[in-house]
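Just below is one structure, and these are the notes that go with it.
Chain identifiers are assigned alphabetically (A, B, ...) following the order of the sequence lines, protein sequences preceding nucleic acid strands; residue numbering begins at 1 within each chain. Side chains are part of it too, since the values below use all heavy atoms of this structure and drop only hydrogens, waters and symmetry mates.
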There are 2 protein chains.
Amino acid sequence: MPRINAEVQTPGRRLRSEGKKTAILDAAETLFITEGYERTTVDAVAALAQVSKRTLYNHFSDKEIIFLRVLSRVNETLLSTISAAIDEELTTGRDLREALTAFTHRIVDRAFGSSDYLTFRRLLSQQQSVPRPPGAIRDRPLGMLEQRFTELAADGSIRAPRPRLAAQHFTALTISLAQEALLDHENEKDTEPPDLDAIIADGVDAFLRAYR
Amino acid sequence: MPRINAEVQTPGRRLRSEGKKTAILDAAETLFITEGYERTTVDAVAALAQVSKRTLYNHFSDKEIIFLRVLSRVNETLLSTISAAIDEELTTGRDLREALTAFTHRIVDRAFGSSDYLTFRRLLSQQQSVPRPPGAIRDRPLGMLEQRFTELAADGSIRAPRPRLAAQHFTALTISLAQEALLDHENEKDTEPPDLDAIIADGVDAFLRAYR
DNA sequence: GTAAAAGTGCACTCGTCAGTGTACTTTTGG
DNA sequence: CCAAAAGTACACTGACGAGTGCACTTTTAC
């Protein structure tokens, strides 16, 4: 009798091992974000991942390596989130205001505690003296948006002689402000949660006034 | 013979002591910014301040207390910087574009390594679990700007039915973007330094298009 | 000149945390 | 069933850093 889907019961050595590995990275991500790099102990990561400390060190040589891995993982998902949002929401032919609003929401919304973008900024802003991943990271999302803005400018939807600048201004008016509001809320508890809808709508509005 | 200006030679007990105190805070500020809170050792602060560790602990009970003191000092100078910039640059009667540009420069420019605003954001973003100073800090500068924008709206210089929103958007388009550029430059060395003039001019430009 | 205030040097305690060594158990593949 | 891979429990080392105790020197005030 052939075992077609054996992993359901027994994951297999490889899969099992890989599972622990990502569990460790997940736990580390959580703790790095809530506690910061320095305050996160390796023991705590192991405990949260439900893995022995020794296993952790069998997978990763270093605390620092774990940090870098988390960073690059987050970066990847961030990039694909943005890329998908651009492709699927910022389509030509759609009403511009609607498209921009939907796009921004898609990036900001999941920020109920796990926004990739937010996460990424935080992680980056923490570790100052640790070797950073390759580079030009912060640049990529902007570049992607710039490209789409170039197309929008070409077909006359917006007036943007310098599409990169337009992309920067758009981000500043919408995504950045929304994130700032979320951060402030987190830091200063017992204030009412920010009205993301309003922030985004206002930002899109101002952008359209400036770039149309 | 009366000693009119005795402090020149002998500072006096009080002044001498106060001098050490601020030396300590200065050193701490430098290190907290460059190294982060956790990575900054009390010994390093004492060494940089040219003060014995014991003296440091005679002035401040705690490492944490030092952090809070630094924070509130930075906050105060930040507030007065902004307040002065508003009063002296954002005067009515002046050409609006010129006024806004000068105002922004005044806040951003000294960022050659000691921008108060930047400093403050950084310090705040670091310590997540440490007791924070009173509150509504981030709110104050905005409030001051909002007030002036209300006046500008009243005399027809700008069209801003919601002055606070205008202030937020202005900050996002100018100050925030400039700071972001400075931060990126610092993190990612060997890139050319950002052209703050251009960033600010473009930001003011977009703002005027949206709010005029 | 002198006493007290301010500062110094240094050794020491105590806790924490990264990373290791090892003997042991569990899981998996064939 | 068995051998090897993967994981565990736990004790341990070594470093480092916050904060203290104390005997001592310097500075200031009068």
Interatomic distance where CZ belongs to A/F60 and P belongs to C/dT20 [whole Å]
15 Å

Report yes or no: do B/T55 and B/S52 form a side-chain donor-acceptor pair below 3.5 Å?
yes

Applied to residues 50-63 of chain B, the salt bridge (Lys or Arg N to Asp or Glu O under 4.0 Å) test, sequence neighbours excluded, yields B/D43-B/K53

All salt bridge (charged side-chain N to carboxylate O under 4.0 Å, His left out) counterparts of [X], not counting sequence neighbours:
{"X": "A/R97", "value": "A/D205"}
{"X": "B/D197", "value": "none"}
{"X": "A/E89", "value": "A/R94, A/R106"}

If you compare all heavy atoms of B/I24 against all heavy atoms of B/F60, which two are closest, and at what distance to 0.1 Å?
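In terms of heavy atoms, the two residues are closest at CG2-CE1, 3.7 Å.
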
Indicate yes or no for a side-chain donor-acceptor contact from B/T91 to the backbone of B/E88 under 3.5 Å, with no hydrogens or angles considered.
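Absent.
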
Can you label the angle between the A/F170 ring and the A/F103 ring as parallel, tilted or perpendicular, going by 30° and 60°?
tilted

Bend angle of the helix from C/dG1-D/dC30 to C/dG30-D/dC1, from helix axes over five pairs at each end, nearest 10°
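Axis-to-axis angle, ends of the helix: 30°.
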
Could you run down nucleotides 6-22 of chain D 5' to 3' and tag each one B, S or - for protein heavy-atom contact under 4.0 Å?
SSBB-------SBBBBB

